[in-house]
Colleague: 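Next up is a structure, given as structure tokens.
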Amino acid sequence: MSQQQSARYQRSAGGMVGALVVLVGLIGVWLALHALTGNDPPSPVQTVDYTREVPTARKAAGFDLVAPPRLPSGWRATTVSFTPGPRSHWHLGVLTDRGRYVGLEQSTESVTSMVRAYVDESAARGTPLDVAGQPWSTYTDARGDLALARREGRTTTVVIGHRVPRSDLVSYTASLR
């Protein structure tokens, strides 16, 4: 027997199918192990402590700044900002326990300008709602997102929910102090 003959092996369709089955099996085992032991990548959205910003912003605001004393279980604040000056503005962005966005915007601007800026240029006005004994105007945008707006004294407050159930948005709005 020559060296060339011993290096050869028999090729067959059955051998090819067997090798393919083994390879697919190994990939399946690797994927299963990875799914069981792999960690989800960390969320790029960071949680912020908005409660630290509230006292300072309230002192500087030229309006009655509101914020929830605490968030519902599973909700987290992701953005908070206060812009001082003649056009003071308060913003608090949160994600619900289902990852839906709720934004709180406040300033001395008119309801119309705030709705145009934070809801939609052509937001449709809906039926007013009673929230914790106070009347709130409702607006929806082309995607069906809901916003609640209220003007009291010099303060305009707009609460926007992107694909948030109406009941969650109303409860959140009722919690504002």
Side-chain angles (χ1 to χ4, degrees), residues 35 38-85 87-177:
N39 293 331
D40 290 332
S43 171
V45 178
Q46 300 297 314
T47 300
V48 298
D49 183 5
Y50 71 94
T51 60
R52 296 172 85 193
E53 304 294 327
V54 172
T56 306
R58 277 193 175 132
K59 287 179 187 173
F63 52 84
D64 295 324
L65 187 140
V66 297
R70 67 186 154 282
L71 294 173
S73 179
W75 290 36
R76 60 190 181 117
T78 57
T79 56
V80 62
S81 65
F82 175 73
T83 307
R87 297 184 79 152
S88 303
H89 182 261
W90 167 247
H91 162 80
L92 175 61
V94 300
L95 291 178
T96 69
D97 56 347
R98 294 185 178 160
R100 306 291 189 200
Y101 178 79
V102 174
L104 167 62
E105 308 294 338
Q106 276 194 295
S107 80
T108 57
E109 300 289 318
S110 70
V111 169
T112 303
S113 66
M114 296 267 298
V115 166
R116 283 185 181 147
Y118 298 104
V119 181
D120 193 291
E121 282 284 329
S122 56
R125 188 170 187 162
T127 305
L129 274 177
D130 180 277
V131 177
Q134 301 295 322
W136 287 74
S137 299
T138 63
Y139 296 87
T140 54
D141 66 9
R143 297 177 306 208
D145 295 333
L146 177 65
L148 306 178
R150 177 165 164 64
R151 177 86 177 177
E152 186 172 11
R154 297 186 64 232
T155 309
T156 299
T157 305
V158 177
V159 181
I160 307 106
H162 297 283
R163 294 186 302 253
V164 174
R166 177 183 289 254
S167 59
D168 289 353
L169 196 63
V170 169
S171 294
Y172 175 79
T173 304
S175 77
L176 300 176
R177 304 280 177 261

Colleague: Decide whether R125 and S137 meet the rule of one side-chain donor and one side-chain acceptor closer than 3.5 Å.
Modeller: yes
Colleague: With distance as the sole test, does T138 use its side chain to make a donor-acceptor pair with the main-chain N or O of T127 at under 3.5 Å?
Modeller: yes
Colleague: Salt bridge (Lys or Arg N to Asp or Glu O under 4.0 Å): which pairs involve residues 144-157, sequence neighbours left out?
Modeller: R143-D145, R150-E152
Colleague: Kindly compute the distance separating CG (D64) from OG1 (T108), expressed to the nearest 0.5 Å.
Modeller: 12.0 Å
Colleague: Under the side-chain hydrogen bond (donor to acceptor under 3.5 Å, both in side chains) rule, collect the residues that match up with T78, sequence neighbours excluded.
Modeller: none
Colleague: Taking side-chain hydrogen bond (donor to acceptor under 3.5 Å, both in side chains) as the definition, give me every residue that meets it alongside D130, ordered by chain and number, with sequence neighbours left out.
Modeller: none
Colleague: For the residue pair A67 and L104, what are the closest heavy atoms and their distance?
Modeller: CA-CD2, 4.3 Å
Colleague: Ignoring hydrogens and angles, write down the donor-acceptor pairs under 3.5 Å from the side chains of residues 170-177, residues two or more places apart or on other chains.
Modeller:
unit_1	atom_1	unit_2	atom_2	d
S171	OG	S167	O	3.0
T173	OG1	L169	O	2.8
S175	OG	Y172	O	2.6
R177	NH1	A174	O	2.9

Colleague: Check whether any side-chain heavy atom of V159 lies under 4.5 Å from a side-chain heavy atom of V102, and answer yes or no.
Modeller: yes
Colleague: Identify the heavy atoms of V111 and Y139 that sit nearest to each other, and give their distance.
Modeller: CG1-OH, 3.7 Å
Colleague: Taking all non-hydrogen atoms of both residues into account, name the closest pair between R76 and Q46 and its distance.
Modeller: NH1-C, 4.3 Å
Colleague: Check the pair L92, T79 against side chain to side chain contact (heavy atoms under 4.5 Å, CB included), reporting the backbone distance first and the verdict last.
Modeller: CA-CA 6 Å; L92 175 61; T79 56; over 6 Å; no
Colleague: For the pair W90 (side chain) and V66 (backbone), establish whether a donor and an acceptor sit closer than 3.5 Å, ignoring hydrogens and angles.
Modeller: yes
Colleague: Looking at residues at least two apart in the chain, or sitting in another chain, which of them share a side-chain hydrogen bond (donor to acceptor under 3.5 Å, both in side chains) with T140?
Modeller: none
Colleague: Report the C-alpha distance between M114 and S107 in whole Å, list the side-chain angles of each, state the deciding distance to 0.1 Å, and finish with yes or no for side chain to side chain contact (heavy atoms under 4.5 Å, CB included).
Modeller: CA-CA 8 Å; M114 296 267 298; S107 80; 3.1 Å; yes
Colleague: What pair of heavy atoms forms the shortest contact from A147 to V158, and how long is it?
Modeller: CB-CG1, 4.4 Å
Colleague: How close do A77 and Y50 get, counting heavy atoms only, and between which atoms?
Modeller: CB-CD2, 3.6 Å
Colleague: Find out whether W75 and S73 are in side-chain contact, i.e. whether some heavy atom of one side chain is under 4.5 Å from a heavy atom of the other.
Modeller: no
Colleague: CZ of F63 to CZ of R58: how many Å apart, nearest 0.5 Å?
Modeller: 10.5 Å
Colleague: Mind checking the CZ-OG1 spacing from R163 to T96? Nearest 0.5 Å is all I need.
Modeller: 10.5 Å
Colleague: Please tabulate, one pair per line, all N/O donor-acceptor pairs under 3.5 Å involving side-chain atoms of residues 115-122, not counting sequence neighbours.
Modeller:
unit_1	atom_1	unit_2	atom_2	d
Y118	OH	H89	NE2	3.0
D120	OD1	S122	N	2.7
D120	OD1	S122	OG	3.1

Colleague: Please determine, by modelled atom types, if T156 and E109 share a side-chain donor-acceptor pair under 3.5 angstrom.
Modeller: no
Colleague: Does some side-chain heavy atom of L95 sit less than 4.5 Å from a side-chain heavy atom of R100?
Modeller: no
Colleague: Measure from the side-chain N and O atoms of E53 to the backbone N and O of V80, and report whether any donor-acceptor pair falls under 3.5 Å.
Modeller: no
Colleague: So how far is it from D168 CG to L146 CG, rounded to the nearest 0.5 Å?
Modeller: 11.0 Å
Colleague: Quick check: closest heavy atoms across V131 and W136, and the distance to 0.1 Å?
Modeller: CB-CD1, 3.4 Å
Colleague: Please assess T155 against Q106 for the test side chain to side chain contact (heavy atoms under 4.5 Å, CB included), listing each intermediate value before the final yes or no.
Modeller: CA-CA 7 Å; T155 309; Q106 276 194 295; 3.2 Å; yes
